Novice: 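Here it is, the structure, as structure tokens.
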Amino acid sequence: MFRKILLLLSLYILFIYVYTWRNILILKNIEYPIKNLYKDDIKTGDIFLLGNKKKDKIFGDSLFMIKFIHPSIAVWENYNLYIVEFALYPDKKGLLKIPFDNWIRYNKNKRILRSVLEIKNEDLYERDIIKNNILSYYENNRKRINNMNSDFNITWLRFPLRIKSELNLDNISCTEVLAEIIYSSGIAKKDKGSSYYHQSDFISLSGFALNNKFSYPNNYLCKFQHLMKKYI
């Protein structure tokens, strides 16, 4: 029995080694434009991704083919802007709905990429439908998600394996939560399990099967120093 476990563990290590070095060779270094981020320009359904400024994450980046480590989504409610995400901060953790002003303060030292949701022939109510779906997901799933384990363990091998079927696990990550939100919002069709996605799949939602009217054609790195005095 011990030999079988050792063999399986060795095969996993070999797989990750080969997978990682393959990704080092093909990982794209995309240069995004840099633009000022203004609160009033943000719309419900916009995706934000956080990245580390220090270039000391080559193993993680190459393992998962990512340049950003954490995705989240914007939602307006009663003239207030929130960021919905599964995150860990010094004073709070879990599935969160954070006022934008506080979110900027938490992430002032991160690289922030914005993917802008465009709706073809948008009418007055389509953003409201997305808003209501996101808020409904938040209210209906917060307790379930916050009771799940989010610690790194061997089950995280599901990410480099790119499993398309839905997995029944008691462990969850920020990408899996946001994938569930994207599906629940109606922005994308559910054609893969939530464990399939890497952080890079949330840039333009390129890894998702978007519904016909939705697209994320514009991506840019956010410059928000002009917000510092107001929000930080």
Side-chain angles (χ1 to χ4, degrees), residues 39 42-50 68-89 92-103 106-107 112-119 122-150 155 158-159 163-216:
K39 180 177 177 179
I42 299 170
K43 297 181 179 180
T44 291
D46 286 358
I47 301 293
F48 286 94
L49 292 107
L50 302 179
F68 298 91
I69 59 173
H70 176 74
S72 57
I73 193 167
V75 60
W76 284 91
E77 181 186 20
N78 298 328
Y79 303 102
N80 296 309
L81 177 61
Y82 297 93
I83 302 296
V84 177
E85 60 184 354
F86 181 68
L88 172 63
Y89 293 109
K92 61 184 68 181
K93 64 179 181 179
L95 179 58
L96 306 172
K97 186 178 77 172
I98 305 177
F100 174 79
D101 305 10
N102 295 341
W103 184 80
Y106 283 131
N107 297 295
I112 300 178
L113 182 79
R114 180 189 176 196
S115 281
V116 183
L117 173 61
E118 299 289 344
I119 303 177
E122 181 175 354
D123 66 37
L124 182 64
Y125 302 104
E126 286 173 304
R127 298 272 177 180
D128 278 343
I129 293 172
I130 294 171
K131 174 201 75 174
N132 292 335
N133 289 341
I134 293 172
L135 295 176
S136 178
Y137 176 92
Y138 173 78
E139 294 297 336
N140 294 334
N141 292 278
R142 182 172 44 171
K143 184 176 180 180
R144 170 182 68 87
I145 289 172
N146 290 345
N147 286 331
M148 296 179 75
N149 181 15
S150 60
T155 66
R158 64 190 183 268
F159 296 116
I163 298 171
K164 291 187 177 182
S165 58
E166 195 67 67
L167 302 177
N168 184 19
L169 300 169
D170 63 358
N171 183 282
I172 201 161
S173 72
C174 62
T175 55
E176 290 167 314
V177 171
L178 196 62
E180 290 184 7
I181 293 174
I182 294 299
Y183 286 146
S184 297
S185 70
I187 294 172
K189 304 170 187 175
K190 184 170 184 178
D191 63 342
K192 302 180 187 72
S194 59
S195 300
Y196 174 84
Y197 299 100
H198 294 171
Q199 287 86 339
S200 55
D201 294 314
F202 292 89
I203 302 173
S204 295
L205 290 193
S206 58
F208 290 80
L210 296 178
N211 282 310
N212 291 335
K213 294 192 70 174
F214 305 124
S215 64
Y216 287 83

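Just so you know, residue 1 is the first one in the sequence shown, and it goes up from there. Only a predicted model underlies this, so the values are computations on that prediction, with no experimental measurement involved.
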Novice: In Å and rounded to the nearest 0.5 Å, what is the CD to OH distance from E85 to Y106?
Specialist: 10.0 Å
Novice: Ignoring hydrogens, what is the shortest heavy-atom contact between S185 and I134? Give both atom names and the distance.
Specialist: CB-CG1, 4.0 Å
Novice: Between the main-chain N or O of W76 and the side-chain N or O of T44, is there a donor-acceptor pair closer than 3.5 Å?
Specialist: yes
Novice: List the atom of I69, the atom of Q199, and the distance in Å for their closest heavy-atom pair.
Specialist: O-NE2, 3.0 Å
Novice: Who passes salt bridge (Lys or Arg N to Asp or Glu O under 4.0 Å) against K43, sequence neighbours left out?
Specialist: none
Novice: Do N78 side-chain atoms and N80 backbone N/O form a donor-acceptor pair below 3.5 Å?
Specialist: no
Novice: If you define the side chain from C-beta out and look only at heavy atoms, does anything of L205 sit under 4.5 Å from F214?
Specialist: no
Novice: Tell me, with the steps shown, if Y89 and I98 meet side chain to side chain contact (heavy atoms under 4.5 Å, CB included).
Specialist: CA-CA 11 Å; Y89 293 109; I98 305 177; 3.4 Å; yes
Novice: Any donor-acceptor pair under 3.5 Å linking the side-chain atoms of N132 with those of S136?
Specialist: no
Novice: Y82: which residues meet the ring-ring contact (aromatic ring centres under 6.0 Å, His included) condition with it, sequence neighbours left out?
Specialist: none
Novice: Roughly how far, to the nearest 0.5 Å, is the CD1 atom of I172 from the CG atom of L167?
Specialist: 11.0 Å
Novice: Please check if the side chain of E176 supplies one atom and the backbone of S194 the other of a donor-acceptor pair under 3.5 Å.
Specialist: no
Novice: Measure the shortest side-chain to side-chain distance between I112 and L50 over non-hydrogen atoms and say whether it is less than 4.5 angstrom.
Specialist: yes
Novice: So which heavy atom on F86 is nearest to which on S173, and how close?
Specialist: CD2-C, 3.7 Å
Novice: Contact between V177 and M148 at the side-chain level, heavy atoms closer than 4.5 Å - yes or no?
Specialist: no
Novice: Could I get the full list of ring-ring contact (aromatic ring centres under 6.0 Å, His included) partners for F202, not counting sequence neighbours?
Specialist: F208
Novice: Just wondering, more than 12 heavy atoms not from K213 lying within 6.0 Å of its NZ?
Specialist: yes
Novice: Does any part of the side chain of N171, heavy atoms only, come nearer than 4.5 Å to the side chain of R158, both counted from C-beta?
Specialist: yes
Novice: Just so I know, are the side chains of I182 and I73 near enough to count as touching, which here means a heavy-atom distance under 4.5 Å?
Specialist: yes
Novice: Can you tell me how far the CG atom of N140 sits from the OG atom of S184, to the nearest 0.5 Å?
Specialist: 9.0 Å
Novice: Kindly give the heavy-atom pair with the smallest separation between V116 and R114, and that separation in Å.
Specialist: CG2-NE, 3.5 Å
Novice: If you measure from CG on L113 to CD1 on I47, what distance do you get to the nearest 0.5 Å?
Specialist: 10.5 Å
Novice: Do any pairs count as a salt bridge (charged side-chain N to carboxylate O under 4.0 Å, His left out) and have a residue in residues 185-194, sequence neighbours left out, and if so which ones?
Specialist: E166-K190
Novice: Roughly how far, to the nearest 0.5 Å, is OG1 of T155 from CG of N149?
Specialist: 7.5 Å
Novice: Check whether any side-chain N or O of N133 sits under 3.5 Å from a backbone N or O of I130 as a donor-acceptor pair, and report yes or no.
Specialist: no
Novice: Check I42 against A74 and note the closest heavy-atom contact, atom names and distance.
Specialist: CG2-CB, 3.7 Å
Novice: Could I get the full list of ring-ring contact (aromatic ring centres under 6.0 Å, His included) partners for Y216, not counting sequence neighbours?
Specialist: none
Novice: Can you check side chain to side chain contact (heavy atoms under 4.5 Å, CB included) on N107 and F48, steps first, answer last?
Specialist: CA-CA 11 Å; N107 297 295; F48 286 94; over 6 Å; no
Novice: Using side-chain heavy atoms (C-beta onward) and a distance below 4.5 Å, is I145 in contact with Y138?
Specialist: no
Novice: Hey, does R144 have a side-chain heavy atom less than 4.5 Å from the side chain of L95?
Specialist: no
Novice: Side-chain contact test, heavy atoms from C-beta onward, threshold under 4.5 Å: evaluate it for I187 versus L210 and give yes or no.
Specialist: yes
Novice: With sequence neighbours excluded, give me every side chain to side chain donor-acceptor pair (under 3.5 Å) pair touching residues 202-212.
Specialist: S204-N219
Novice: With rounding to the nearest 0.5 angstrom, report the NZ to CG distance, K39 to L81.
Specialist: 6.0 Å
